[in-house]
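Working notes, beginning with the structure itself.
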Amino acid sequence: MTLIRRLAPAAALAALATAFHLPATAQTAAPEPAPAATAEAAAPQILPDLWLGAADAPVDFIEYASFTCSHCADFSTEVFPKLKAEYIDTGKIRFAQRDVYFDDVGLWAGILARCGDEAKFYPVAGMLFESQRDWLSAKNGEELAANLRKIGAKAGYSAEQMDACWQDEAKVQSLVATFQQNAVADQIEGTPTFIIAGEKVSNLPWEQLKAKLDEKLAAAQ
């Protein structure tokens, strides 16, 4: 049984770099090409990781995840609560989610998660994963946008805030550039994939993941 969603070829992923004409209706039509950058200042900013847990935790745990990946949703709802209670909240590890964008839909969701205060990222990400089956059941782009708007409203965002985030070309370019740089550097081929204390680890059942964490913690002593 496949436990990860495979990434598309690099050329297909690069096309997302132009996908920042994201209208309020989240249309499914192909985006117009972005204007070429005319100065170094136009280069996308690489965004920092958003960490959960103690800054001095002995082990770093990075998850590469997509908001449209069902296995990532399973990890978020079934495994992450145990990981947080037993390892993050106890100061054993610090955790960061790095977004992966398979398609425009995942990118729209990622923009919503990064909209506004950074402190809202993980709560909104959790909402997106928890209700993934519902909002992805949309029959068209307009319905999808409406579904995402409902999640954003629950997070306290106004319609104007969401529109501004989806239409923020510089931020969208930064999200895509950050995803591409990280995924290439860590040779990510699918989601979810974990980087635990520098080691790439595929998706594992909780008991096996727990054993790997304990192994890394013992080595860090």
Side-chain angles (χ1 to χ4, degrees), residues 5 16 19-20 22 26 44-55 57 60-85 87-89 91 93-132 134-136 144-145 147-183 185-186 188 191-196:
R5 182 176 177 185
L16 281 175
F20 48 39
L22 302 177
Q45 176 187 4
I46 301 302
L47 302 174
D49 289 319
L50 301 178
W51 292 99
L52 288 177
D60 287 349
F61 185 121
I62 296 170
E63 179 199 6
Y64 280 89
S66 165
F67 289 115
T68 58
C69 163
S70 61
H71 301 301
C72 300
D74 291 341
F75 175 83
S76 177
T77 57
E78 299 172 12
V79 176
F80 183 75
K82 301 173 186 176
L83 181 72
K84 187 174 186 299
Y87 290 91
I88 300 174
D89 293 347
I93 71 169
R94 64 172 186 162
F95 172 90
Q97 176 182 315
R98 288 181 177 174
D99 293 346
V100 170
Y101 308 122
F102 290 107
D103 45 41
D104 289 354
V105 175
L107 179 58
W108 297 332
I111 295 167
L112 181 64
R114 285 270 190 165
C115 191
D117 191 339
E118 290 183 349
K120 286 190 174 183
F121 173 75
Y122 286 106
V124 175
M127 294 166 67
L128 286 164
F129 283 128
E130 184 177 0
S131 61
Q132 182 192 82
D134 294 332
W135 63 266
L136 276 181
L144 175 67
N147 289 346
L148 289 175
R149 284 181 181 281
K150 291 176 184 177
I151 295 172
K154 288 182 180 178
Y157 296 133
S158 67
E160 292 75 17
Q161 284 177 298
M162 287 183 272
D163 285 344
C165 288
W166 278 319
Q167 295 169 11
D168 186 341
E169 299 182 358
K171 182 65 171 289
V172 176
Q173 284 281 44
S174 290
L175 288 172
V176 173
T178 300
F179 146 58
Q180 291 175 328
Q181 177 171 297
N182 288 336
D186 287 332
I188 301 302
T191 60
T193 297
F194 312 124
I195 306 294
I196 305 176

Interatomic distance, SG@Cys72 vs CG@Leu128, rounded to 0.5 Å, equals 12.5 Å

Rounded to the nearest 0.5 Å, what's the gap from NZ on Lys171 to CD on Gln45? Could you check? 9.0 Å

Considering residues at least two apart in sequence or located in another chain, which fulfil the ring-ring contact (aromatic ring centres under 6.0 Å, His included) criterion with Phe129? Phe67

Side chains of Met162 and Leu148, heavy atoms from C-beta outward: is any pair under 4.5 Å? no

Atom pair CD (Gln97) and CG (Asp49), whose distance is rounded to the nearest 0.5 Å: 10.5 Å

Counting N and O atoms only, with roles assigned by atom type, does the side chain of Thr178 sit under 3.5 Å from a partner on the main chain of Ser174, one being a donor and the other an acceptor? yes

Side chains of Ile195 and Tyr64: does their closest heavy-atom pair fall under 4.5 Å? yes

Atom of Val124, atom of Ala155 and distance for their closest heavy-atom approach: CG2-CB, 3.6 Å

Can you confirm whether more than 12 heavy atoms, excluding those of Lys120, are under 6.0 Å from its NZ atom? yes

Contacts of type ring-ring contact (aromatic ring centres under 6.0 Å, His included), residue Phe95, not counting sequence neighbours: Phe61, Phe80

Which pair of non-hydrogen atoms, one from Arg94 and one from Ala57, has the smallest distance, and what is that distance? N-CB, 3.6 Å

Atom CG of Leu144 and atom CG of Leu136: how far apart are they, to the nearest 0.5 Å? 7.0 Å

Hey, does Arg149 have a side-chain heavy atom less than 4.5 Å from the side chain of Asp163? yes

Is there a donor-acceptor contact under 3.5 Å from the side chain of Asp186 to the main chain of Ile188? no

Please examine the side chains of Arg98 and Phe179, heavy atoms only from C-beta on, and report whether any two atoms are closer than 4.5 Å. no

Under the side-chain contact (heavy atoms from CB on, under 4.5 Å) rule, what do Trp135 and Lys150 come out as? Steps first, then yes or no, please. CA-CA 9 Å; Trp135 63 266; Lys150 291 176 184 177; over 6 Å; no

Can any side-chain N or O of Trp166 pair as donor or acceptor with the backbone N or O of Trp108 at less than 3.5 Å? yes

